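Here is the structure we will look at.
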Amino acid sequence: MLPYKFISESRVGELLEWEPVVDAVEHALKSVSTGCAFQSPRVKIVLPESNLLYSTPGYLKDDKYGALASRVMTKFPSNRRLQPPRSALNANISLMDESTGVVKAIIQGNELTDWRTAAVSVVATKHLHKEKPKEILAIIGAGIQGRIHAIAFQTCFKFREVRIWNRTGKRAVDLARKLNHELKTDAFVSCETVSDCVKNADVIVTAAMAKEMLVKHEMVKKGAHINAISVNPSGTDLDEETYRISKVFCDHWTGVEHELQHIIAFGAKFVGQVGDVIAGSVQAPGAGETSIFQSLGMAVEDCALARLIYDLDQIVK
Ligand SMILES: NC(=O)C1=CN([C@@H]2O[C@H](COP(=O)(O)OP(=O)(O)OC[C@H]3O[C@@H](n4cnc5c(N)ncnc54)[C@H](OP(=O)(O)O)[C@@H]3O)[C@@H](O)[C@H]2O)C=CC1
Ligand SMILES: O=C(O)C1=NCCCC1
């Protein structure tokens, strides 16, 4: 018998639903603005063959989603070429008792990472693109994050049209077809060019990990909101001018200082954390202002989800 609970990927998948996940990450995002988030910048170790090991410990002080947790994640990009292919990112979370520090659960963390990242983009869009049109969504990248963002956004906002572009075009075509079938809709369409995908979109998600700047400022509608998900110190999915002309928001300042110097060097001005807008200390972008949420991911988001999963595992049979 293990001295802690083990919660597998499949159990996590059974337990999660969008409404509570969005609520949990909204608490986590707000906590950075209210003194309830205790976390450090992400620790990253470069392994042979440029593989990566990340560690993100944190403590979220919150009645509903408070938790002490630490995530260990690896990024082995060549996993996608294995037979059968495996996810490039693999994560596990240890959840500790808040009064003793003793580990009470190990949670497999890939589903958690996918859901929380998409839910964070949903919350950023809700607060930074408030009362603005949400008719057309453009998704750049049909990998794991592209897919989960498509599902989360369609569940939470119901866009009239969800366009998907991917470097390997067939993956976008297949994803659009599969999602139309699974969600019983015809809203999902694939696009052959980035420009066709982004044109007139109200909201854009970039999750392509690209080395080239795929989205150019002239493609982006004035007043659109962009969720830039990719975490890539050597490149961005958006061009420099898009950063310069937009109001740029982050999840946490320490992450910006630590990991986003290349974007600051473009002349991007970070105006606040999403949590500052939720807490009311920074204004949301106005009508006609284009906004970017530059997502990095942070420990307190994992804390909130680990707590939600642990609590649900106790009550859902
Ligand atoms: N902000 C956060 O909290 C999180 C961020 N991430 C980041 O999100 C990004 C996507 O992750 P994930 O979906 O899991 O990865 P996947 O490996 O599942 O998908 C990668 C996607 O990027 C595309 N791509 C790779 N290289 C290029 C290129 N040079 N030009 C254009 N497209 C390219 C791939 O296209 P193709 O199919 O043609 O290969 C594919 O669509 C990563 O940068 C990851 O680090 C992930 C989790 C959390
Ligand atoms: O989920 C996170 O946090 C990630 N961190 C760095 C790389 C991509 C995912």
Side-chain angles (χ1 to χ4, degrees), residues 25 28-29 39-46 50-58 69-82 85-93 109-124 139-152 164-176 190 193-194 197 205-215 226-238 249-252 254-256 258-260 263 274 292-303 305-306:
V25 301
L29 283 163
Q39 57 187 352
S40 63
R42 180 162 36 222
V43 173
K44 180 173 92 177
I45 295 172
V46 181
S50 301
N51 294 319
L52 298 169
L53 171 67
Y54 297 97
S55 160
T56 38
S70 185
R71 184 162 66 126
V72 173
M73 188 175 74
T74 52
K75 187 170 185 175
F76 280 59
S78 60
N79 282 3
R80 284 186 54 199
R81 294 192 295 275
L82 295 175
R86 295 200 63 160
S87 169
L89 295 174
N90 284 285
N92 281 285
I93 287 96
N110 288 12
E111 288 280 348
L112 180 154
T113 301
D114 301 347
W115 281 69
R116 75 91 153 102
T117 306
V120 164
S121 300
V122 164
V123 173
I139 298 186
I140 303 298
I144 293 174
Q145 284 301 326
R147 174 185 167 276
I148 196 89
H149 274 76
I151 296 170
I164 305 172
W165 175 87
N166 196 61
R167 174 180 62 177
T168 311
K170 186 175 178 309
R171 287 186 87 193
V173 174
D174 290 349
L175 180 61
S190 57
T193 65
V194 174
C197 187
V205 173
T206 59
M209 236 176 356
K211 292 183 187 73
E212 317 76 37
M213 295 169 174
L214 297 169
V215 176
I226 305 166
N227 297 289
I229 304 306
S230 300
V231 176
N232 180 2
S234 58
T236 52
D237 292 349
L238 309 174
F249 291 80
C250 62
D251 37 27
H252 62 315
T254 46
V256 173
H258 202 68
E259 295 190 53
L260 297 178
I263 293 179
V274 174
I292 298 174
F293 167 51
Q294 187 68 43
S295 172
L296 274 174
M298 57 179 177
V300 287
E301 297 163 1
D302 302 326
C303 291
L305 263 258

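Order of listing sets the numbers, starting from 1, for every ligand and every atom in it. This one's a predicted model, so the numbers in the text were calculated from it and none came from an experiment. Values reported hereafter were calculated over all heavy atoms of this structure, with side chains retained and with hydrogens, waters and symmetry mates removed.
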State whether the number of non-hydrogen atoms from other residues, nucleotides or ligands found under 6.0 Å of Arg42 atom CZ is greater than 12.
yes
So between Arg171, Lys75, Gln294, whose heavy atom ends up nearest atom 40 (C) of ligand 1?
Arg171
Do the side chains of Tyr54 and Val72 get nearer than 4.5 Å, heavy atoms only?
no
Give the contacting part of Ala142 toward ligand 1: side chain, backbone, both or neither, where contact means a heavy-atom distance below 4.0 Å.
backbone
Among Ile229, Asn110, Ile164, the residue with a heavy atom nearest to atom 8 (O) of ligand 1 is Ile229
Just by modelled atom types, is the Val256 backbone N or O under 3.5 Å from a matching donor or acceptor in the Glu259 side chain?
no
Against ligand 2, does Lys44 come closer than 4.0 Å with any heavy atom?
no
contact_flag Ala207 ligand 1 heavy-atom lt 4.0 Å:
yes
Side chains of Lys75 and Asn51: closer than 4.5 Å at any heavy-atom pair?
no
What atoms of ligand 1 come closer than 4.0 angstrom to any heavy atom of Leu89?
46 (C), 47 (C)
Is there a side-chain contact between Gln39 and Thr56 (heavy atoms, below 4.5 Å)?
no
Between Asn79 and Leu82, is there a side-chain heavy-atom distance shorter than 4.5 Å?
yes
Polar atom proximity, Thr117 to ligand 2 (N or O, under 3.5 Å)
no
Please report which non-hydrogen protein atom sits nearest to atom 19 (O) of ligand 1, along with the residue it belongs to and the distance in Å to one decimal place.
Gly143 CA, 3.5 Å
Do we see a donor-acceptor contact under 3.5 Å between the side chains of Asp237 and Ser230?
yes
Would you check whether Glu301 reaches within less than 4.0 Å of ligand 2, judged by its heavy atoms?
no
Short question: side chain of Asn166, backbone of Ile140 - any donor-acceptor pair under 3.5 Å?
no
Can you check which of Thr117, Ile144, Thr206 brings a heavy atom nearest to atom 14 (O) of ligand 1?
Ile144
For ligand 1, which atoms have a heavy atom of Ser295 less than 4.0 angstrom away?
1 (N), 2 (C), 3 (O)
Over all heavy atoms of both residues, which pair between Gly146 and Ala207 is shortest? Give the atoms and the distance, please.
N-CB, 4.2 Å
among protein heavy atoms, the one nearest atom 35 (O) of ligand 1 is Asn166 OD1, 3.5 Å
Rounded distance (nearest 0.5 Å) linking atom CG of Leu214 with atom OG1 of Thr193
11.5 Å
Is Met73 touching ligand 2 with its side chain, its backbone, both, or neither, if touching means heavy atoms under 4.0 Å apart?
side chain
Numbering the atoms of ligand 1 from 1, which are under 4.0 Å from a heavy atom of Gly141?
41 (O)
Please state which protein non-hydrogen atom is closest to atom 5 (N) of ligand 2 and give its distance, to 0.1 Å?
Arg42 NH1, 2.7 Å
Taking every non-hydrogen atom, the tightest pair across Ala176 and Ser190
CB-N, 4.0 Å
Residue-level breakdown please: for Met298 versus ligand 2, do any non-hydrogen atoms fall below 4.0 Å on the side chain, on the backbone, on both, or on neither?
neither
Minimal non-hydrogen separation, Leu52 against Phe76, with atom names
O-CE1, 4.3 Å
Residue and atom name of the nearest protein heavy atom (relative to atom 38 (O) of ligand 1), distance in Å to one decimal:
Thr168 OG1, 2.5 Å
Should you measure from each heavy atom of Leu296, which atoms of ligand 1 turn up under 4.0 Å away?
1 (N), 2 (C), 3 (O)
Is the closest N or O pair between Tyr54 and ligand 2 shorter than 3.5 Å?
no
Close-contact set for ligand 1 against Lys211 heavy atoms, below 4.0 Å:
29 (N)
What atoms of ligand 1 come closer than 4.0 angstrom to any heavy atom of Ala208?
22 (O), 23 (C), 24 (N), 25 (C), 26 (N), 27 (C), 32 (N), 33 (C)
Check for me whether Arg147 has a heavy atom closer than 4.0 Å to any atom of ligand 1.
no
Nearest 0.5 Å please: distance from the CD1 atom of Ile229 over to the CG atom of Leu296.
10.0 Å
How many angstroms lie between atom OG1 of Thr206 and atom CG of Leu238, to the nearest 0.5 angstrom?
4.5 Å
Identify the closest protein heavy atom to atom 30 (N) of ligand 1: which residue and atom is it, and at what distance?
Glu212 OE1, 3.4 Å
For ligand 2, is there an atom lying under 4.0 Å from some heavy atom of Leu296?
yes
Checking the side chain of Arg71 only, and the main-chain atoms of Thr113 only, is there a donor and an acceptor separated by less than 3.5 Å?
no
Looking only at protein heavy atoms, what sits closest to atom 2 (C) of ligand 2 is Arg71 NH2, 2.9 Å
Asn227 (side chain) donor-acceptor with Val205 (main chain) under 3.5 angstrom
no
If you take the nearest heavy atom of each of Arg167, Glu301, His149, which one is closest to atom 39 (O) of ligand 1?
Arg167
Please check if the side chain of His258 supplies one atom and the backbone of Thr254 the other of a donor-acceptor pair under 3.5 Å.
no
Counting from 1, what ligand 2 atoms have a heavy atom of Thr113 closer than 4.0 Å?
1 (O)
Test of understanding: given a 4.0 Å heavy-atom threshold, classify the contact between Leu52 and ligand 2 as side chain, backbone, both, or neither.
neither
Under a 3.5 Å threshold, yes or no: a donor from one side chain and an acceptor from the other, between Arg80 and Ser87?
no
If you measure from atom 34 (C) of ligand 1 to every heavy atom of Met209, Arg80, Met73, which option wins on shortest distance?
Arg80
Part of Ala88 with heavy atoms under 4.0 Å of ligand 1, whether side chain, backbone, both or neither
neither
Closest protein heavy atom (residue, atom, distance) for atom 13 (O) of ligand 1
Gln145 N, 2.8 Å
Quick one: nearest non-hydrogen protein atom to atom 3 (O) of ligand 1, plus distance?
Arg116 NH1, 3.1 Å
